[in-house]
Amino acid sequence: MSEENPRDAVPSLNFIEEIIEEDLHKGKYKTILTRFPPEPNGYLHIGHAKAICLNFGLGLKYGGKTNLRFDDTNPVTEETEYVDSIKDDIRWLGFTWAEELYTSDYFDTLYGYAVNLINKGLAYVDDSTSEDIAAMKGTPTEPGRDNQYRSRSVEENLRLFTEMKAGKFKDGEKVLRAKIDMAHTNMLMRDPILYRIKHAHHHRSGDKWCIYPMYDFAHGQSDSIENITHSICTLEFIPHRELYDWLIEKLEIFPSHQYEFARLNMTYTVMSKRKLLQLVNEGHVTGWDDPRMPTLSAFRRKGYTPESIRTFCDKIGVAKRENFIDLSLLEFCLREDLNQKALRVMAVLDPVKLIIDNFDAGLTEELVSENGPDESLGKRTLQFGKELWIEREDFMEEPAKKWFRLAPGSMVRLKSAYIITCESFVKNEAGQVTEIHCTYIPESRSGSDTSGIHVKGTIHWVSAAHAVTAEVRLYDRLFTVENPLGEEGDFKDSINPNSLQIINDAVVEPSLKHALAENRYQFIRKGYFCLDKDSTADKLVFNRTVTLKDAWAKEVKKN
RNA sequence: UGGGUUAUGGUGUAAAGGUAGCACAACAGAUUUUGAUUCUGUUUGUCUAGGUUCGAAUCCUAGUAACCCAACCA
């Protein structure tokens, strides 16, 4: 190729990167500062990962920085437990914040801003009930109306606001509102509430305050205090931008700018913190880190790698259009990563006994197997004997079309061991297969096969004499439908009743006795697994991270 | 019946008036001591109707659809 295709030469930018590059190019900023601003009232989910990767990624890409700022202006829903989990999740994803900040640290400054606004005649204390405020606000199609409190004097407003701060009033008795325009087409500009009274203990400021700023009078101001250049949030905040800019202008403070992108939606799950909290509180899952949840702590426990989530966030892109991402894309990113990292081991989830009739009963043969396709993963020794456990589903009494596993008379290879021929099988009264008898071909030993025989199927196995019992937890999607919110009725009606299957007596190869929590394993032919935190020295517990792609399952489905 | 935002294959996302590309998914085949991985190939798209232009996903006009806004939540 002598000529370069300009399409390949220029990597495409998302719309926020375009804005930043233009700002930098024009010299509007020398460097950028972004922020990730979670409210500590729940655990972070995969949707937050998109925002984290965006904000931190931009900081990294353009040589700027990113702050972590807890948006803690509502003491009744916020807790330190959430602060800690959020920090853990961000670190796990692999990002480092420049500064750890709290909106609550700005309460004094914010109070001063409010006084400033009152002095300018741009804010007033309103005695109305919340019902009255709502009634006077109008609707999207009808303008709101001014009330009697709107015309209070600056002096009176100052006095009342001071008294609000001093705790002279009960919750809900008074609020401070901006004086903008009750007939504005943007509902948020109809004299938005700036401060409300809440006699509540705050997780950081304790009992110092009984008035707390609203989101609109905290977020943009915090951005400004920190000199955030690009304040990135999700689409539903678009109408807030007008107010964001108005307040910055009237307060005459550093002009941060807000840009909005579309939040992540994904099939077979829900992404709202409120709904996730509901699933936790109502016991549909065991907690925020239940591996069926879309939270980062759940993905981590389930065995997802941070790299796979970052790749995913990179692949889904950033735009302003509503999106609905296939879960399969996330799983693709995961498998791609795990395929390189996972140690291959053998585990039988649904064991049935296989007896090799022509193998010495007392003998244990040691075989060497690779730990994975990449040589750097090393090798290990396997024990092989007369009696083995194999997967029940790898034997078919009456083989289906294109079946190339075990069946009466058929040959398969035992992974890393020998080729065997199925001679007979035994059933109990219930009609269940209890024993499969085979003969092995001594010359077919893995690595030194001189038999010249080629078989189509290879199956995994565990020596019965050396097997270790383990609990294995198989997870499936939490909901049975792609969009639980799109269904009639409650989203919880679509919960998958089979989202968790616990296998108590799986048998795994003995090397797994020393399984490490930080390792990823591929149970050959069954999927990727990791050690669960419930695992103990006496009892191994594994989580299935994700299945392998299964072409045979598709084949079966077709017929 | 107000204001705002967005429309490109099944799902995402590029193309800044000049070849509609990439990824996932789906399908077909090759390889395979994991029915995995890997490799090859195929199907499917510019919301609609007009207009400008040699040429329109892109510009203009008029529609249509989806989403957001009436919390003392963020």
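Just so we're on the same page: letters track the sequence lines, and every chain starts at 1.
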(message) With the threshold set at under 4.0 Å for non-hydrogen atoms, list the residues of residues 547-556 of chain A touching RNA chain B in residue-number order.
(response) A:Leu548, A:Lys549, A:Asp550, A:Ala551, A:Trp552, A:Lys554
(request) Report, as a single string ordered 5' to 3', how protein heavy atoms within less than 4.0 Å touch nucleotides 67-74 of chain B: B base, S sugar-phosphate only, - not at all. (result) S-SB-BSB
(message) On RNA chain B, does the nearest nucleotide to A:Asn339 precede the nearest nucleotide to A:Leu330 from the 5' side, or the other way round? Give the residue.
(response) A:Leu330
(message) In whole Å, measure the gap between the P atoms of B:U31 and B:A36 for me.
(response) 13 Å
(message) I'd like the P distance from B:U58 over to B:G50, given in whole Å.
(response) 14 Å
(request) For B:C24 and B:A65, measure between their P atoms and round to the nearest Å. (result) 35 Å
(request) Check the side chains of A:Tyr43 and A:Glu81 for a donor-acceptor pair under 3.5 angstrom, ignoring hydrogens and angles. (result) yes
(request) Compute the ring centroids of A:Phe542 and A:Phe523, then answer whether they are less than 6.0 Å apart. (result) yes
(message) For RNA chain B, please output the secondary structure as dot-bracket, reading 5' to 3'. Pairs are Watson-Crick or G-U wobble, both atom distances under 3.5 Å; mark crossing pairs with [ ], other-strand partners with |, unpaired with a dot.
(response) .((((((..((((....[..)))).(((((.......)))))....(((((..]....))))))))))).....
(request) Could you list all the salt bridge (Lys or Arg N to Asp or Glu O under 4.0 Å) pairs where at least one residue sits in residues 366-378 of chain A, not counting sequence neighbours? (result) A:Glu370-A:Lys415
(message) Can you see if the side chain of A:Lys415 gets near the phosphate of B:G35 - specifically, an N or O under 4.0 Å from OP1 or OP2?
(response) no
(request) Using the P atoms only, state how far B:G12 lies from B:C67, rounded to an integer number of Å. (result) 14 Å
Atom pairs and distances, donor-acceptor, side-chain atoms in residues 172-183 of chain A, under 3.5 Å, two or more places apart:
from, atom 1, to, atom 2, distance (Å)
A:Glu173, OE2, A:Lys170, N, 3.0
A:Arg177, NE, A:Asp191, O, 2.8
A:Arg177, NH1, A:Asp126, OD2, 2.9
A:Arg177, NH2, A:Arg190, O, 3.4
A:Arg177, NH2, A:Asp191, O, 3.1
A:Lys179, NZ, A:Arg150, O, 3.1
A:Asp181, OD1, A:Ala183, N, 2.8

(request) Using the P atom as the reference point in each nucleotide, state the distance between B:A57 and B:A15 in Å, no decimals. (result) 15 Å
(message) Please give the distance between the C1' atoms of B:C47 and B:A66 as a whole number of Å.
(response) 11 Å
(message) Quick check: closest heavy atoms across A:Cys530 and A:Asn519, and the distance to 0.1 Å?
(response) CB-O, 4.2 Å
(request) Establish whether the base of B:G12 is bridged to the side chain of A:Arg321 by a donor-acceptor pair shorter than 3.5 Å. (result) no
(message) Under 6.0 Å between ring centres: does that hold for A:Tyr215 and A:His219?
(response) yes
(request) Assess whether one donor atom and one acceptor atom, taken from the side chain of A:Arg413 and the base of B:U33, lie less than 3.5 Å apart. (result) yes
(message) Strictly by salt bridge (Lys or Arg N to Asp or Glu O under 4.0 Å), give each pair with a member in residues 36-48 of chain A just once, sequence neighbours left out.
(response) none
(request) Using only side-chain N and O atoms of A:Arg344, determine if any of them is under 4.0 Å from OP1 or OP2 of B:U34. (result) no
(request) Please check if the side chain of A:Thr267 supplies one atom and the backbone of A:Leu327 the other of a donor-acceptor pair under 3.5 Å. (result) yes
(message) Exactly one of A:Phe217, A:Tyr195, A:Phe107 should register a ring-ring contact (aromatic ring centres under 6.0 Å, His included) with A:Tyr212. Which one does?
(response) A:Phe107
(request) Pick out which of A:Val83, A:Asp71, A:Leu68 makes a side-chain contact (heavy atoms from CB on, under 4.5 Å) with A:Pro38. (result) A:Leu68
(message) With a 4.0 Å cutoff (strictly under), does any side-chain N or O of A:Arg335 reach OP1 or OP2 of B:U37?
(response) no
(message) At 4.0 Å (heavy atoms only), tell me whether A:Val318 reaches a base, stays on the sugar-phosphate, or touches nothing.
(response) sugar-phosphate
(request) Could you give the distance separating B:A23 and B:A62 at their P atoms, to the nearest angstrom? (result) 40 Å
(message) Which is more 5' along RNA chain B, the nucleotide nearest A:Gly372 or the one nearest A:Ile238? Just name the residue.
(response) A:Ile238
(request) Please state the C1' separation for the pair B:C27 and B:C69 - nearest whole angstrom. (result) 44 Å
